[in-house]
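Below: one structure, written as structure tokens.
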Amino acid sequence: MPLIKNNRLVQDTWHIIYDGETLKSTNNLVDLAYWQANRTELITTHSPIGLRIDGNEDIELIATDLQYFSLIAINFPSFTDGRGYSLAHTLREQYDYSHELRAVGDILPDQALYLKRVGFDVLDLPNKESAELALQKLSEFSVFYQKPVA
Amino acid sequence: MYLYNEFDQTLVNERVEQFRDQTKRFLNGDLTEEQFRPLRLMNGLYIQTHAPMLRVNIPYGLLSSKQMRMFAHIAHTYDKGYGHFTTRQNIQFNWPKLEQVPDILADLATVQMHAIQSSGNCIRNITCDPLAGVSADEIEDPRPYCEIIRQWSTLHPEFSYLPRKFKFAVSGSPKDRAATQVHDIGLHVKKDAEGRIGFEVLVGGGLGRTPVIGQVIAPFIAEEDILSYSEAILRTYNLFGRRDNKYKARIKILVRETGLDKFKAQVDAEWETIKNGPLKLTQKEIQRVKAQFAPFPYQTAVSTNAPNDPQNNSGAFRQWLKQNTIQHKQAGYRVVFISLKSPTQAPGDITTEQMNKVADLAEQFSFAKIRTTHDQNLALTDVLENDLFLLWQQLNDAQLATPNIGTITDMICCPGLDFCSLANASSIDIAQGITERFTDNAIDTGNISLKMSGCMNGCGHHSIGEIGILGVDKKGEQWYQLTLGGSDSHQSKLGDRLGKAIAKESVVDAIEDIIHVYKAQRTVNESFTNTLQRVGLQPFKDKVYAAH
Ligand code: SF4
């Protein structure tokens, strides 16, 4: 689905691996259960690796593995579920995670700017129309009371 | 008062345009009702029984005469000629048209006002003591801190989709006049042994379906750390607060289910990592905001005997003076409450003409500033004693001088069935019934807090009223549950149930029975709460249920 990065639409170079699918040679985006079950294999033969987690996932489960991920995608089960914002903030600020942080799932264009401000650098919008609107919405505010997450 | 700089103004203007676009997309069908709902709520817009309702923030209950005139303009232009002040010091307009709301917000922005986060699952308007800055017992004026917290929480990217709404209240005096114990976070200004300013922090208080008194999570957080500590609480809540059940989503439930000690440990662990980061307040920033709340240039050496002047010896004036004004920290001045509980209006309601009148009087007598109170009244906090008689005459002409502040007819009442789609029962007509019954002897009855809600959500704070009335639904009929002995002053306490619910037509009689028992049992000057504590619930039960 349409991705926004650096204020423009970009192609996705990652493969989402659903239950039971075989891995591509590289750039696989796997879920937490898959990662836990196939950790060693993924590290040795399939780097770079992406991890997909829900906003309510316990960060302790991945805290010591962060160096293996080139992408962490945080899923929003509903656009009103704000846990992913705090998880993103925590990954960036507390764990110094510096690779791609992607927001996926139920996201409104109206949320693009907030997502960016808490540390997401890539946004996965449901369709082209909403992605284009999200691009406009990124410049909706020119001033903020809060410092951005780097 | 805090005046916007260019930065603050830009932000509010941009917010207006954002909401204009969201409204347009909704009306075009590009946003679904489900998508628009949280977006409009975050801008104070509800869809009620008859029409949308727009709630506008009055930060910590302080407004200028110019802002009050803008409310009058909005009530006149977009509504039915009146507004309604709420228990959280805000104002609501009950009849705006959805398509006009962006224009209303644009008008508000011209006087530095907005509806940002006046509703929705985000950090709401910060409330404080309506007597901030003018009461003698104050440790420190809480308003600069409210403003600092307001700015930090405004359009906060991380905390705009919380599990549920989140309310702050700040008190600057040992005597809590901000009901901090029934807020998600309550802050009490304290000074430590070295005289440094900080806050005792309470967490997890709240009314609604499960009323809870907040608990102390930190005895002293230094002023420079108040934002980082608040952020640590909010982050912990945002991550761990329940989202599976709307009625269990407030922080009070998280604190209860986690246990205060464990919750505190989580907050402290988070705080440790951010304490010395960018949220640490500098003295420069604190002083920048404080400078905007400097005391007014009060006249000193004024003769202070004006209220006793024989020409002012109207009985009605003296009654008003006794009931509706209180001491000011500056000799020669008094604080004047403007009662919005006249027998002819619903509690908290005010007409366009009255708003303009209050604005005029504020300019004439009180440094052009007005306060809103938790009891849905207004206050002119800085009036020269010499001016009181003149002021009273004009208030009286505008039906704004009902001498009932603190009495049973000065009740708090939610909109109930007349406006609110969640209501089980009406509250406005009950309020009217009580007002009619007690108007002539309210003062003689003494100070009693009566609070009424039309449903369990408790917007009328019934559970902390000395007399609480809660509307319940019994097979489609309106019934009322009474509680006695609640309190929101200093030591908050939840009222106890009197007994089974009472039918609508008997409620006012039941209240009269309760007052009858109180008057018969009280010793000289004994308050309702003290009498109740001494004699217990039984005499009240006996009287009310014997009769009905
Ligand atoms: S207490 Fe209930 S009826 Fe009254 S305003 Fe709140 S939700 Fe509506």
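From a predicted model like this one, the values you see are computed outputs, not experimental measurements.
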Exercise. Would a 4.5 Å heavy-atom cut-off, applied to side chains only, mark Phe199(B) and Tyr145(B) as touching?
Worked result: yes
Is it the case that atom [atom1] in [X] sees more than 12 heavy atoms from other parts of the structure closer than 6.0 Å?
X         : atom1 : result
Gln67(A)  : CD    : yes
Lys290(B) : NZ    : yes
Glu6(B)   : CD    : no
Asn5(B)   : CG    : yes

Which bit of [X] comes within less than 4.5 Å of chain A, counting heavy atoms only: side chain, backbone, both or neither?
X         : result
Asp8(B)   : both
Ser160(B) : side chain
Arg37(B)  : neither
Leu31(B)  : side chain
Thr154(B) : both
Gln9(B)   : neither
Leu234(B) : neither

Problem set entry | CG on Leu133(A) to CG on Asp110(A), rounded to 0.5 Å | 6.5 Å
Exercise. Which value, rounded to the nearest 0.5 Å, describes the distance between Gln94(A) atom CD and Leu87(A) atom CG?
Worked result: 11.0 Å
Seminar exercise, completed: The salt bridge (Lys or Arg N to Asp or Glu O under 4.0 Å) partners of Arg83(A) (sequence neighbours excluded) come to Asp81(A)
Problem set entry | Side-chain H-bond candidate by donor/acceptor type, Trp152(B) with Glu231(B), under 3.5 Å | yes
For [X], which atoms come within 4.5 Å of any heavy atom of chain B: side chain, backbone, both, or neither?
X         : result
Glu129(A) : neither
Lys137(A) : side chain
Ser78(A)  : neither

For this session: Quick one: sort the Trp35(A) and Phe69(A) rings into parallel, tilted or perpendicular, breaks at 30° and 60°.
Result: perpendicular
For this session: Evaluate the ring planes of His99(A) and Tyr97(A), with Trp represented by its six-membered ring, and classify them as parallel (under 30°), tilted (30 to 60°) or perpendicular (over 60°).
Result: perpendicular
Seminar exercise, completed: Comparing Leu39(B), Leu227(B), Leu162(B) against chain A, the one with the most heavy-atom pairs below 4.5 Å turns out to be Leu39(B)
Problem set entry | Among the listed options Asn13(B), Ile274(B), Asp21(B), the residue most often paired with chain A at heavy-atom distances under 4.5 Å | Asp21(B)
Exercise. Mind checking whether Phe293(B) and Tyr2(B) have ring centres under 6.0 Å apart?
Worked result: no
For this session: Could you list which of residues 238-249 of chain B have a heavy atom closer than 4.5 Å to any heavy atom of chain A, in residue-number order?
Result: Asn238(B), Leu239(B), Arg243(B)
